[in-house]
J.: 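Pasting a structure here, questions to come.
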Amino acid sequence: MEKQEQLYEGKAKKVFRTSDPEVYWVSYKDDATAFNGEKKGTIVGKGELNNRISAIFFSLLKERGVDNHFVKLLSATEQLVRRVEIIPLEVVIRNIAAGSLAKRLGLEEGTVLPQPVVEFYYKDDALGDPLINDSHIQVLGIADDSTVQTMERIGLRVNEILQAFLRERKVILVDFKLEFGRAADGSVLLADEISPDTCRFWDEETREKLDKDRFRRDLGDVEQAYQEMLRRIGGDFDV
Ligand code: TMP
């Protein structure tokens, strides 16, 4: 497989075409942003850590029957994925109140939610990725009802799988964000990344944050936290 022209550069990744029109080449960067790009920085080694962590989660999900775009790891910072057209929605699933939910609903961070909360955010930098509901999604023509239901169903299944996997590794899955795409055959496919950039992970015992909140909130030891997550999920080996 050969890397061809760059199609897209996002905040954390670059995407390239390959000789196979159905396969894209993703390169993970060390760049970190928060608050819709207002805060910028570099987390040394993040590209490699997120590439490896995401590959492990997507492989686990595939093993457990949740199909997704991941094809294979290419190098420390690169992986191959199936081509999809990303649906401009961020699907957030929450088990514990934190971040914007804690703020919006006036809940203390750490409050256990009686059931998972599912939210949709419209991926639009100019609007600052607003929280939107089903009828907004319909009115804007972003996705039809059955697509929204599919994303919610897959999101909740991913939550069950990752929660159980992480619990065994003494990590609490507080919340996370997923993105989906439309594959060539029209199906809705889980895509993007699952990493400490896109999830909140807390150590079960100490409640120490092992995710991007260390960068967002200037808590220090960001790289060490990502490394610890890779170690916990069993990926601290060479590929
Ligand atoms: P929030 O509490 O800031 O809304 O974040 C909820 C989850 O979504 C958290 O695990 C971090 C993740 N997330 C992203 O992956 N990208 C984003 O742009 C934002 C705002 C959150």
Side-chain angles (χ1 to χ4, degrees), residues 8-13 26 28-29 31-41 43 46-47 49-51 53-54 57-58 61 68-69 86-113 115-133 136 142 151-152 154-156 158-163 165-166 171-181 190-203 207-219 222 225-226 228-229 232-233:
Y8 171 79
E9 177 164 5
K11 294 180 188 122
K13 302 185 285 294
V26 178
Y28 279 71
K29 309 192 295 184
D31 300 347
T33 65
F35 316 119
N36 200 18
E38 262 173 55
K39 181 183 172 102
K40 288 192 176 69
I43 301 170
K46 177 169 85 77
L49 291 160
N50 281 358
N51 182 47
I53 291 168
S54 205
F57 283 137
F58 277 113
L61 290 170
N68 58 69
H69 76 155
I86 290 287
I87 298 165
L89 290 171
E90 298 193 340
V91 182
V92 170
I93 315 276
R94 304 178 185 267
N95 299 306
I96 292 181
S100 71
L101 182 83
K103 206 168 167 185
R104 187 179 312 112
L105 301 188
L107 295 170
E108 193 184 339
E109 192 156 86
T111 307
V112 177
L113 303 169
Q115 62 184 58
V117 166
V118 182
E119 296 172 338
F120 294 91
Y121 292 84
Y122 181 27
K123 259 171 81 76
D124 185 312
D125 283 341
L127 296 176
D129 296 347
L131 175 70
I132 60 174
N133 67 22
H136 297 139
I142 299 169
M151 290 190 292
E152 179 158 346
I154 298 173
L156 290 170
V158 169
N159 189 38
E160 284 171 9
I161 295 167
L162 295 188
Q163 252 190 328
F165 178 78
L166 290 166
V171 174
I172 300 171
L173 179 61
V174 174
D175 57 31
F176 60 98
K177 183 264 299 180
L178 299 176
E179 294 188 24
F180 294 83
L190 179 63
D192 194 51
E193 70 177 279
I194 302 178
S195 73
D197 269 16
T198 64
C199 304
R200 286 195 172 93
F201 300 125
W202 292 355
D203 178 83
R207 302 243 148 181
E208 189 191 358
K209 295 180 184 6
L210 299 171
D211 58 63
K212 196 174 166 187
D213 269 349
R214 302 203 71 84
F215 170 77
R216 296 189 189 97
R217 302 179 188 189
D218 295 321
L219 300 176
V222 186
Y226 282 55
E228 177 60 14
M229 274 310 301
R232 296 264 182 119
I233 64 174

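Order of listing sets the numbers, starting from 1, for every ligand and every atom in it. All figures in this text were calculated on a predicted structure; none of them were measured in a lab.
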J.: When you check the gap from the basic side-chain N to the acidic O, do Asp203 and Arg232 get nearer than 4.0 Å?
T.: yes
J.: Is any side-chain N of the basic residue among Lys29 and Glu9 closer than 4.0 Å to the acidic one's carboxylate O?
T.: yes
J.: Report yes or no: is the cationic atom of Lys39 (NZ for Lys, CZ for Arg) under 6.0 Å from the centre of the six-membered ring of Phe215, at an angle within 45° of the ring normal?
T.: yes
J.: Considering only NZ, NE, NH1 and NH2 on the basic side and carboxylate oxygens on the acidic side, decide whether Lys209 and Asp213 come within less than 4.0 Å.
T.: no
J.: Near ligand 1, which protein residues have a heavy atom under 4.0 Å away?
T.: Glu90, Val92, Arg94, Ala98, Gly99, Ser100, Tyr121, Asp175, Phe176, Lys177, Asp197, Thr198, Cys199, Arg200, Arg216
J.: What's the verdict on ring-ring contact (aromatic ring centres under 6.0 Å, His included) for Phe120 and His136, showing C-alpha distance, side-chain angles and the deciding distance?
T.: CA-CA 10 Å; Phe120 294 91; His136 297 139; over 10 Å; no
J.: Do the side chains of Lys123 and Asp192 get close enough for a salt bridge, i.e. N-O under 4.0 angstrom?
T.: no
